[in-house]
Amino acid sequence: MALSRRRKIHPHRLRSLVQVLSVFFGALLILFAILSFLSPSPEESEDFHLRRHHTSVNAVVQDTVTNGGSVFSIPSSGGKLDRDIWSSRNAKFFYGCSNASAKFAKAEAVTHPTRYLAIATSGGLNQQRTGITDAVVAARILNATLVVPMLDQKSFWKDASNFTDIFDVISFLSKDVKIITQLPKRGGRTWTPYTMRIPRKCSERCYVNRILPVLLKRHNAVQLNKFDYRLANKLDTDLQKLRCRVNYHALKFAHPILEMGKMLVQRMRIRSKNYIALHLRFEPDMLAFSGCDYGGGEKERNELGAIRKRWKTLHKNNPDKERRQGRCPLTAEEVGLMLRALGYGSNVHIYVASGEVYGGEETLRPLKELFPNFHSKDTIATKEELGPFSSFSSRLAALDFIVCDESDVFVTNNNGNMARILAGRRKYFGHKPTIRPNAKKLYRVFLGRKNMTWEEFASRIRTLQRGFMGEPMEVRAGRGEFHENPSTCICEDSEARGKVKADSKHKKHRKMDDSSKKDVMAIDDQNGYDENDVPEWPDLLDEEEDQSGTQEKLLYNATGSDYDAFSSDEQPELEVMISD
């Protein structure tokens, strides 16, 4: 009987439950309808988001292509990183050291009283700077008095400046090499030196065997023409240190250039405590020579192709192959994306050192959107202030050199003379960060960025840039061109470094976790990266090249790859235009 009663009650409860659920879901449907009516459409919502982006500096930069429904978005901030983006790791353990040893005799003791060496430099400002530096060392090897160098006034740059218009007199070196402003008169008449050429990468023995006999036979006065990279990379330690004393202490710009350069730096510092200097190298001539494709279609191919015809020896190029081999300068947009991935936010100030940019404002627009605080000497100085320099390409280049040298971070988009000299200086004076794009590997990441999230993109960029950030010991001692890697003149504070290692090992008297192990490894190997990732820089030429100086190779970009060889005698403008 109890069972029968339960069966009668069950249908009643079921009907009550159905009624409650009907009321509940009905209310939900009414609420959903109200919300749908009040909310904007997906298109309106996206349009609102984009309008908000364009009116706020701190908004998220959006790419127009989506990946599986997620947008490739570039955060305006640099993100949280495990490193200081304005300094080099372990730089405090290294310092510049270029003092002569006790066995390096004073100039007065070794200089022959009637033996003179004169040189005529070649190329633009920075190429000439390498020649001047090496000329001092060459004079020391020959125990000769150096005549103040003659600057190249007829090359691609067409700058009529004399030595004293650009550089200060090299008085700092009086103990090392005797220097005079001009050859003394002989018999009341101007003394005309015997002119000749010297092979590239000439060693000490090469100078003694080739130049000294001529000096002795030709009345003790010789002028070496087209003097650039005419000294071997590997020399006696004291001669290498002399090179550093010339380049980093003695060879200074003339007072007007120095003062104007300091003013530009000061104006950048007023705008921001830290700033990046970018040597963009995106001029039409540079792009034409590279043979790369920058997405400008038929118009670009015709314009750059016409420029390329100036050099008859250039072979037909394969743009895709050039990019795969890392021989193409990054575009302004790619440079900006790389810097953002490395942790530099939209509030960072950038100083751009560049000539005429191919594509003008359209080319620069993506970089300026990523870094609105965009400056150049033309934006932070008036036309009147730049007036005394504006007609002289080398003096303008010197101003850019100073601002780049003083920057907290220097970014080079081409491994030419300016980039190499500044890389060496920045290592010598504290390993200030010098970023060289690993173009050979980065191009794949840029090519596929539409198919990845920003986080994945940034992670890959940071991984591929290890070994290209200006950290100590990135390039092994003795490798590469000496002006770029002056390893002989960089000493290590082993005592301080050892103390840090000891403190790390005994920290908190416990076994290290994975994080602390990584820190110690970073100290041990300087950068925490595999040595196989480090670019091995090829030399420009072997020192025993034939006397004609032909088949010279140009270094290009930070991947260590070369341009095809060409004859500098046949194409002098090509060499100086590309390499400076």
Side-chain angles (χ1 to χ4, degrees), residues 78 84-88 91 124-126 129 248 253 257-258 260-283 286 329-340 342-357 363-364 367-368 370-381 386 389 394-437 465 468-471 483-484 557-558 580:
D84 180 0
I85 62 175
W86 298 109
S87 64
S88 293
L125 171 71
N126 299 292
R129 187 184 183 105
Y248 306 138
F253 290 117
I257 294 175
L258 204 57
M260 185 63 189
K262 287 180 179 178
M263 186 179 74
L264 295 176
V265 172
Q266 183 180 22
R267 289 180 181 177
M268 286 300 298
R269 294 292 181 204
I270 290 173
R271 288 164 170 79
S272 178
K273 177 183 177 182
N274 305 110
Y275 73 90
I276 294 173
L278 166 62
H279 194 209
L280 189 58
R281 291 316 305 267
F282 212 73
E283 296 88 353
M286 172 63 69
L330 302 189
T331 65
E333 180 183 24
E334 289 170 339
V335 171
L337 290 172
M338 177 190 71
L339 289 175
R340 185 58 61 79
L342 292 175
Y344 299 95
S346 62
N347 61 333
V348 168
H349 287 248
I350 292 184
Y351 177 93
V352 176
S354 177
E356 174 193 359
V357 174
T363 296
L364 294 173
L367 177 60
K368 289 184 175 181
L370 288 166
F371 295 95
N373 299 308
F374 184 97
H375 312 283
S376 69
K377 56 181 173 291
D378 296 309
T379 66
I380 61 176
L386 293 174
F389 312 93
S394 290
R395 300 183 204 184
L396 289 174
L399 296 178
D400 278 339
F401 184 98
I402 293 171
V403 183
C404 290
D405 188 31
E406 292 293 329
S407 67
D408 300 278
V409 173
F410 174 59
V411 182
T412 171
N413 200 21
N414 157 263
N415 203 45
N417 287 301
M418 179 171 170
R420 292 200 295 269
I421 293 174
L422 281 172
R425 285 183 62 86
R426 294 171 72 84
K427 289 173 183 175
Y428 184 85
F429 291 109
H431 282 89
K432 293 189 294 183
T434 300
I435 300 175
R436 299 162 291 137
Q465 278 300 118
F468 293 80
M469 302 291 288
E471 297 286 348
H483 293 283
E484 179 182 27
N557 223 311
D580 213 58

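In this chain, numbering begins with 1 at the start of the sequence shown.
No side-chain heavy atom of Lys377 sits under 4.5 Å from any side-chain heavy atom of Val403. No side-chain heavy atom of Thr331 sits less than 4.5 Å from a side-chain heavy atom of Thr363. Side chains of Glu334 and Pro329 form no contact here, defined as non-hydrogen atoms less than 4.5 Å apart. Side-chain contact between Ile350 and Leu339 is present, with heavy atoms from C-beta onward closer than 4.5 Å. Using a 4.5 Å cut-off on side-chain heavy atoms (C-beta onward), Val348 and Ile276 make contact.
Taking each heavy atom of Tyr248 and His483 in turn, the nearest pair found is OH-O, 3.8 Å. Between Ile257 and Ile402, the shortest heavy-atom distance links the atoms O-CD1, 3.6 Å. Looking at every heavy atom in both residues, Cys404 comes nearest to Ala277 through CA-CB, 3.6 Å. Of all heavy-atom pairs spanning Ile435 and Val409, the tightest one is CD1-CG1, 3.7 Å. The two residues Arg420 and Asn415 have their closest heavy-atom pair at NH1-O, 2.8 Å. Of all the heavy atoms in Ser394 and Leu125, the pair that sits closest is O-CD2, 3.7 Å.
When atom types are taken as modelled, the side chain of Ser88 and the backbone of His431 share a donor-acceptor pair closer than 3.5 angstrom.
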Between Glu406 and Tyr275, does a side-chain contact (heavy atoms from CB on, under 4.5 Å) hold up when you go through it step by step?
CA-CA 9 Å; Glu406 292 293 329; Tyr275 73 90; 3.9 Å; yes
Stepwise, does the side-chain contact (heavy atoms from CB on, under 4.5 Å) test hold for Leu264 with Ile380?
CA-CA 7 Å; Leu264 295 176; Ile380 61 176; 3.8 Å; yes
Test side-chain contact (heavy atoms from CB on, under 4.5 Å) applied to Tyr344 and Trp86, step by step
CA-CA 9 Å; Tyr344 299 95; Trp86 298 109; 4.1 Å; yes
Before you tell me yes or no, could you show the steps for Asn413 and Val335 under side-chain contact (heavy atoms from CB on, under 4.5 Å), namely the whole-Å CA-CA distance, both residues' side-chain angles and the distance that decides it to 0.1 Å?
CA-CA 8 Å; Asn413 200 21; Val335 171; 4.2 Å; yes
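Distance CD/Gln465 to CE/Met338: 5.5 Å, rounded to 0.5 Å. Atom OG1 of residue Thr379 and atom CZ of residue Phe374 lie 8.0 Å apart, to the nearest 0.5 angstrom. Between Asp378 atom CG and Leu396 atom CG the span is 8.0 Å, to the nearest 0.5 Å. Rounded to the nearest 0.5 Å, atoms CZ (Arg281) and OG (Ser354) are 8.0 Å apart. Distance check, rounded to the nearest 0.5 Å: NE2 of His375 to CG of Leu278 gives 13.0 Å. Remark: Thr434 OG1 to Phe468 CZ distance equals 13.5 Å, nearest 0.5 Å.
Cation-pi check for Arg395 over Phe253 is not met; the charged atom does not lie both under 6.0 angstrom from the ring centroid and within 45 degrees of its normal.
Contacts classified as salt bridge (Lys or Arg N to Asp or Glu O under 4.0 Å) and involving residues 266-276 (residues at least two apart or in different chains) are given here: Arg267-Glu385, Arg269-Asp408. Within the structure, salt bridge (Lys or Arg N to Asp or Glu O under 4.0 Å) contacts touching residues 421-435 (residues at least two apart or in different chains) are Asp405-Arg425.
Residues Arg129 and Asn126 bring no donor and acceptor atom of their side chains to less than 3.5 Å of each other.
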